[in-house]
K.L.:
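Have a look at this one.
Every heavy atom of this structure was used, including side-chain atoms; hydrogens, water molecules and symmetry mates were not. On a predicted model such as this, the values are computed, not experimentally measured, just so you know. By convention in this document, chain letters (A, B, ...) are assigned in the order of the sequence lines, proteins followed by strands, and residues within each chain are numbered from 1.
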Amino acid sequence: MVRAGAYPRYVNSVNAYAEELLEGLNEPQRRAVQHPGGPLLVIAGAGSGKTRVLTHRVAYLVRTGECGLGEILAVTFTNKAAAELRHRVGDLLGRSTRGLWVATFHSACARILRVEAEKLGYTRTFTIYDSDDSKRLVKRCLEAEGADTKRFTPNAVRNQISDHKNRLRSVQQAQDLAAGHYDRTVADAYAAYQKQLVANNAMDFDDLMARTVDLFERYPDVRERYRRAFKHVLVDEYQDTNPAQYRFLQLLCMDDPMHQAGPSGGGAGRDALGAGDDTNALTAPLAGEEPGHRNLMVVGDDAQSIYGFRSADIRNILDFEDDFPDAEVIKLEQNYRSTQHILDAANGLIEHNTNQREKHLFTDEGTGDEVRVRALQDDHAEARWVVSEIERLAGEGVPLGDMAVLYRTNALSRAIETSLTQAELDYQVIGGVRFFDRAEVKDALSYLAWLHNPANTVAFARVVNRPRRGIGDTSVGRILSHAASTGVTPLEVIADPAAAGLKTAAVRAVTTFAGQIEELRERLFGGPDEVGGAGGPASQDLRIADLVEDVLRITGYRAELEASEDPQDEGRLENLDQLHAYAEEFDAAEATPEDDAFHALDRFLQQTALLSDADSKADGPDGQVTLMTLHNAKGLEYDAVFLVGLEDGIFPHSRAIDSGELEEERRLAYVGITRARRHLSITWARRRAMYGPPQSQVPSRFLRELPHDALDDASPEAMTGQPSFGGAERGRRDFSAIGRIGRGSGASRPGGPPRDLSSLGLKRGSDLVSSRADAEPAPSWAPGQRVRHVKFDAGEVVRMDGDVVVVRFDEAGEKRLIAGFARLETL
DNA sequence: ATATACATCCTTTTT
DNA sequence: GGATGTATAT
């Protein structure tokens with residue numbers, strides 16, 4: 001339905017103050033900023049000024065008088081992006097941005113849910129579980145079900161449940177959809193887990209989205225309230241939205257989400273129930289409501305959609321016009337970051353994807369350096385080459401802080417780190433264990449979390465024996481089951497441990513613990529308090545930093561670390577000091593005299609739960625080379641970028657090859673390439689030690705997809721490597737050299753690798769030795785299938801066919817392959 | 001209940 | 001290479 005004229009034409013209201021905001025914008029950017037209203041998709045290529053468009057848009061809306069600052073909701077994925085957006089809008093407007101909602105999806109939802117929690121069976125003090133908490137709870141549920149936690153690992157099951165939630169599948173739907181035994185076990189775990197969450201008065205990250213959607217669907221009046229509050233909704237990184245987030249946006253902006261959807265079905269509806277089913281009791285059309293404002297502006301780049309594994313659905317951005325038929329689409333293709341050779345490489349690579357919007361990045365900045373491609377002998381040589389290039393560029397005046405080394409998996413950082421250390425170059429590694437995920441920090445926070453919410457059994461179970469007090473798994477199990485069966489919190493159980501059936505030694509230990517907790521509660525609530533109640537006058541002057549310190553002192557946590565001989569405990573103490581400093585900062589910044597300690601704690605916990613250490617990310621001190629995964633690099637840029645480990649099996653990752661998710665891998669490579677402003681180098685190693693002894697590697701297929709004109713060395717040697725005849729390794733023959741047979745499109749090229757097994761020291765029909773007794777065949781593997789790619793470990797080589805090796809597996813040998821390294825196609 | 005020794009498993013991860 | 005979990009002994 002076309003609704004021309006239905007939107008306010010504030011564009012025409014001449015307003016010099018507002019028009020000022022259009023200066024310096026290119027044509028499509030300006031159109032986006034001036035968009036009259038209604039659904040708008042901005043396809044913002046890498047480096048095309050997407051944040052600029054968003055900030056100017058917000059400022060423009062305000063200055064034209066289209067709406068007040070407080071009537072705009074801008075949603076991002078990270079706290080960092082939200083903070084930057086707010087900051088830049090403030091700069092543009094030259095005034096405070098108080099009232100403007102700039103938030104991550106999750107914090108916006110958390111804020112809404114705090115107010116409305118009772119409607120969903122929670123209290124407003126509900127706890128937010130991070131992935132570790134939720135994994136623990138899933139594990140407990142699986143054990144309670146008697147599921148085999150070997151086959152059903154808590155992590156895998158948690159991911160499945162997460163996927164269900166992100167696709168807005170209720171427990172019931174998950175159970176209905178479950179086909180096999182595995183799915184059914186997962187669905188049952190989901191049911192138990194969800195029940196436990198409610199009993200714990202806790203929500204996981206996914207719940208923040210899903211429960212808000214529930215809230216809006218079940219309470220049209222609530223939905224209406226928020227829909228009226230926000231006349232304009234803007235979304236950053238739209239390509240990474242999942243179905244729950246898509247639906248959240250629909251509910252906030254549109255008339256009737258379920259019927260708004262175009263032919264392909266709307267995101268959530270499209271996926272919520274699986275194929276063929278399009279109804280859902282929870283999402284029934286809402287009757288008699290007012291039309292939505294439809295002012296939804298989303299900005300993103302389908303070519304940078306790299307979070308599919310977290311249920312992000314690229315179709316949200318690909319099918320935007322189907323979902324919103326009258327949507328305007330604006331493309332930003334002028335790049336302000338990189339030189340043309342780099343953009344050519346990016347353009348050429350991404351062309352190999354089929355599922356995408358056509359796009360061609362260009363720049364006015366000139367061609368610049370060609371992209372350097374290097375094949376190195378092994379991972380050490382690769383690291384040395386990268387470091388020597390870093391030194392060379394540093395000599396040319398490029399600051400170390402403007403250089404980054406990017407890799408597919410964290411494991412690849414080690415060799416680079418070693419070389420950088422040897423060269424005495426300063427570096428920082430982004431990623432790894434986050435501050436708030438560190439065991440000791442999490443322990444301290446869990447104490448606070450349990451004091452705050454005694455129903456939080458995960459926090460209880462975490463801290464009850466930390467430091468060790470002689471309360472083992474059996475005792476904890478008894479306390480928890482007694483709490484569950486009598487419907488009370490663990491706090492009440494530990495007041496009378498004998499009633500839970502604990503042995504005398506355990507009773508004594510628990511009583512000591514209970515005494516410590518009581519003391520802490522007195523501090524928090526300002527006096528003796530009946531068990532379980534959050535009432536009582538909370539102390540006014542207690543600061544969170546003090547509370548942290550009280551926890552560490554009264555529980556003996558700090559004392560144990562101080563007494564320890566373990567040198568690692570020194571670092572743990574430092575981390576706790578850092579937590580203390582963080583709490584002090586919070587106290588200073590958030591001190592509200594009218595607030596009592598409990599409510600301060602409430603906000604403190606919420607903040608820490610939703611905060612990663614985003615602030616530290618990539619904003620490290622100058623003079624340091626930055627090392628990080630490609631995923632972490634999204635949104636960042638550097639003068640010089642090194643992309644290392646471009647080898648099949650690493651990048652693209654073997655699991656992505658197996659599951660056919662090459663397009664997302666390619667987008668990841670695209671993200672990496674487009675991080676570079678002036679210098680880009682891509683390397684691969686012929687041999688690499690990953691876990692254990694070095695293995696022969698095959699250059700990434702992505703190398704061959706780069707346009708040769710953009711490269712400094714497109715020789716077969718750099719791109720495909722020289723044949724090498726591996727010897728015995730790990731007590732077996734190295735068959736990985738077969739991988740050299742693979743050469744892209746299959747056209748034979750002079751000087752190419754050998755096509756004959758005998759030249760590899762293999763005979764037709766020769767046995768390939770199994771590498772691992774525990775290796776299971778992938779479910780889809782069967783005799784007579786073709787094995788593309790490298791590193792199969794067993795079976796019989798029947799023949800080779802171009803770049804394909806045909807392998808037959810023996811009937812009996814069920815244990816023969818490393819799944820994940822061979823790509824199979826049915827003959 | 002806990003300490004130790006052994007086996008096993010390895011993407012990516014904005015919240 | 002190293003972190004994490006399980007089996008075994010104390």
Side-chain angles (χ1 to χ4, degrees), chain A residues 75-82 103-110 128-131 134-135 139 149-150 153-156 158-159 162 165-166 203-209 236-237 239-242 244-245 304 306-312 406-415 418 430-434 436-437 439 465 468-476 503 505-506 509 606-614 617-618 628-636 645 649-659 661 664-665 667-668 671-672 689-693 772-775 818 820:
Chain A
V75 206
T76 65
F77 277 87
T78 67
N79 294 301
K80 191 185 167 202
T104 64
F105 273 105
H106 291 86
S107 63
C109 287
I128 298 171
Y129 276 175
D130 67 16
S131 7
S134 101
K135 193 173 92 187
K139 188 176 179 211
T149 47
K150 278 260 173 49
T153 63
N155 229 342
R158 199 200 72 86
N159 287 339
S162 174
K165 290 190 184 182
N166 288 329
M203 296 195 202
D204 62 21
F205 286 143
D206 306 318
D207 276 332
L208 295 177
M209 291 309 311
D236 191 18
E237 306 279 19
Q239 76 281 357
D240 290 331
T241 50
N242 63 34
Q245 287 154 342
Q304 294 186 68
I306 54 173
Y307 283 102
F309 68 96
R310 295 188 48 162
S311 315
L406 310 181
Y407 35 77
R408 177 67 238 263
T409 71
N410 285 306
L412 295 196
S413 75
R414 183 172 305 132
T418 308
I430 308 294
V433 192
R434 286 190 280 270
F436 288 106
D437 291 341
N465 199 31
R468 275 185 288 278
R469 311 180 162 92
I471 307 170
D473 290 346
T474 23
S475 298
V476 175
K503 303 270 170 52
Q606 157 128 355
Q607 184 177 309
T608 51
L610 293 177
L611 201 80
S612 56
D613 43 5
K617 180 162 157 178
M628 66 187 141
T629 63
L630 288 150
H631 281 91
N632 269 317
K634 199 177 72 164
L636 305 175
I650 291 178
F651 192 25
H653 195 274
S654 50
R655 288 168 81 141
I657 297 171
D658 268 356
S659 53
E661 286 156 348
E664 180 152 315
E665 295 285 294
R667 292 193 289 268
L668 194 53
V671 166
M690 287 288 283
Y691 322 104
R772 287 203 219 168
D774 62 313
I818 294 182

K.L.:
State, yes or no, whether a side-chain contact exists between A:L610 and A:L208 at a heavy-atom distance under 4.5 Å.
P.N.:
yes
K.L.:
Return the value, rounded to whole Å, for the distance between atom CG of A:N166 and atom P of B:dT13.
P.N.:
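Distance, rounded to whole Å: 17 Å.
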K.L.:
Send over the distance from A:F436 CZ to B:dT13 C1', rounded to a whole Å.
P.N.:
18 Å
K.L.:
Taking 4.0 Å as the cut-off, does a side-chain nitrogen or oxygen of A:N465 come that near to OP1 or OP2 on B:dT2?
P.N.:
yes
K.L.:
Is a side-chain N or O of A:E664 found less than 3.5 angstrom from the main chain of A:G308, in a donor-acceptor match?
P.N.:
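Yes.
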K.L.:
May I ask you to say what A:Y307 touches in the nucleic acid, namely base, sugar-phosphate or nothing, with a heavy-atom cut-off under 4.0 Å?
P.N.:
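If one applies the 4.0 Å heavy-atom cut-off, A:Y307 turns out to touch a base.
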K.L.:
Restricting to ring-ring contact (aromatic ring centres under 6.0 Å, His included), what partner residues turn up for A:F651, sequence neighbours left out?
P.N.:
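Scan of A:F651 (ring-ring contact (aromatic ring centres under 6.0 Å, His included), adjacent residues dropped) gives A:F702.
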K.L.:
Taking the nucleotide of DNA chain B with the nearest heavy atom to each, does A:E664 or A:G472 sit closer to the 5' end?
P.N.:
A:G472
K.L.:
Quick one: A:R408 CZ to B:dT13 C1', roughly how many Å, whole number?
P.N.:
10 Å
K.L.:
Does a donor on one side chain and an acceptor on the other come within less than 3.5 Å for A:S134 and A:S131?
P.N.:
no
K.L.:
When you check the phosphate oxygens OP1 and OP2 of B:dT15, does a side-chain N or O of A:S131 lie under 4.0 Å from one of them?
P.N.:
no
K.L.:
Rounding to a whole Å, what distance do you find between A:R469:CZ and B:dT2:P?
P.N.:
11 Å
K.L.:
Is the backbone N or O of A:Q245 less than 3.5 Å from a side-chain atom of A:N242, with the two atoms forming a donor-acceptor pair by type?
P.N.:
yes
K.L.:
Show the numbers, then the answer: is there a ring-ring contact (aromatic ring centres under 6.0 Å, His included) between A:H631 and A:Y307?
P.N.:
CA-CA 9 Å; A:H631 281 91; A:Y307 283 102; 5.3 Å; yes
K.L.:
Mind checking if A:T76 touches a base, just sugar-phosphate, or nothing, with heavy atoms under 4.0 Å?
P.N.:
nothing
K.L.:
Runs of at least three consecutive Watson-Crick or G-U pairs, both distances under 3.5 Å, are what I'm after; which ones involve DNA chain C?
P.N.:
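Only these stems qualify: B:1-10 with C:1-10.
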K.L.:
For B:dT15, take OP1 and OP2 only and decide whether either is under 4.0 Å from a side-chain N or O of A:N79.
P.N.:
yes
K.L.:
Using only atom types and a distance under 3.5 Å, with no angle test, would you say the side chain of A:T153 pairs donor to acceptor with the backbone of A:K150?
P.N.:
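Side chain of A:T153 to backbone of A:K150, a donor-acceptor pair under 3.5 Å: no, none is there.
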K.L.:
What closest approach, in Å, do A:D207 and A:D204 show between heavy atoms, and which atom pair accounts for it?
P.N.:
N-OD1, 2.7 Å
K.L.:
Over how many whole Å does the gap from A:R310 atom CZ to B:dT15 atom P extend?
P.N.:
8 Å
K.L.:
Base, sugar-phosphate alone, or nothing: which one does A:S107 contact when heavy atoms must sit under 4.0 Å apart?
P.N.:
nothing
K.L.:
Report the glycosidic orientation of B:dT11: syn if within 90° of 0, anti in every other case.
P.N.:
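For B:dT11, whose glycosidic angle is within 90° of 0, the conformation is syn.
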K.L.:
Considering only heavy atoms from C-beta outward, does the side chain of A:D236 approach that of A:F77 to under 4.5 Å?
P.N.:
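No; the side chains remain at least 4.5 Å from each other.
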K.L.:
Measuring from the side chain of A:T104 (C-beta onward, heavy atoms only), which nucleotide among B:dT12, B:dT15, B:dT11 has the closest atom?
P.N.:
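Shortest atom-to-atom distance from the side chain points to B:dT15.
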K.L.:
Within the 4.0 Å heavy-atom criterion, would you say A:R468 contacts the bases, only the backbone, or no part of the nucleic acid?
P.N.:
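Sugar-phosphate only.
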K.L.:
Look at A:N410 and B:dT11 and indicate whether a side-chain polar atom (N or O) is within less than 4.0 Å of OP1 or OP2.
P.N.:
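No, no such contact exists.
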K.L.:
Please measure how far the P atom in C:dT4 lies from the corresponding atom in B:dT13, and state the result in whole Å.
P.N.:
16 Å
K.L.:
Using atom CG of A:D473 as one end and atom P of B:dA3 as the other, report the distance to the nearest whole Å.
P.N.:
13 Å
K.L.:
So is the aromatic ring of A:H106 stacked onto the base of B:dT15, judging by whether the centres are under 5.5 Å apart and the planes are under 30° apart?
P.N.:
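Answer is no, no stack.
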K.L.:
Identify each atom pair where a protein N or O and an N or O of nucleotides 2-10 of chain C are less than 3.5 Å apart, giving names and distance.
P.N.:
none

K.L.:
Going through the distances and angles, do A:L406 and A:T629 end up as a side chain to side chain contact (heavy atoms under 4.5 Å, CB included)?
P.N.:
CA-CA 5 Å; A:L406 310 181; A:T629 63; over 6 Å; no
K.L.:
Under 5.5 Å between ring centres and under 30° between planes: does that hold for A:F309 against the base of B:dT13?
P.N.:
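A:F309 vs B:dT13: stacking no.
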K.L.:
Where do A:E237 and A:Q239 land on the side chain to side chain contact (heavy atoms under 4.5 Å, CB included) test, with the steps shown first?
P.N.:
CA-CA 5 Å; A:E237 306 279 19; A:Q239 76 281 357; 2.7 Å; yes
K.L.:
Whole angstrom is fine here: how far is it from CG in A:D658 over to P in B:dC10?
P.N.:
13 Å
K.L.:
Send over the distance from A:Q245 CD to B:dT15 C1', rounded to a whole Å.
P.N.:
9 Å
K.L.:
Heavy atoms under 4.0 Å, any strand shown: does A:E665 hit a base, just sugar-phosphate, or nothing?
P.N.:
base
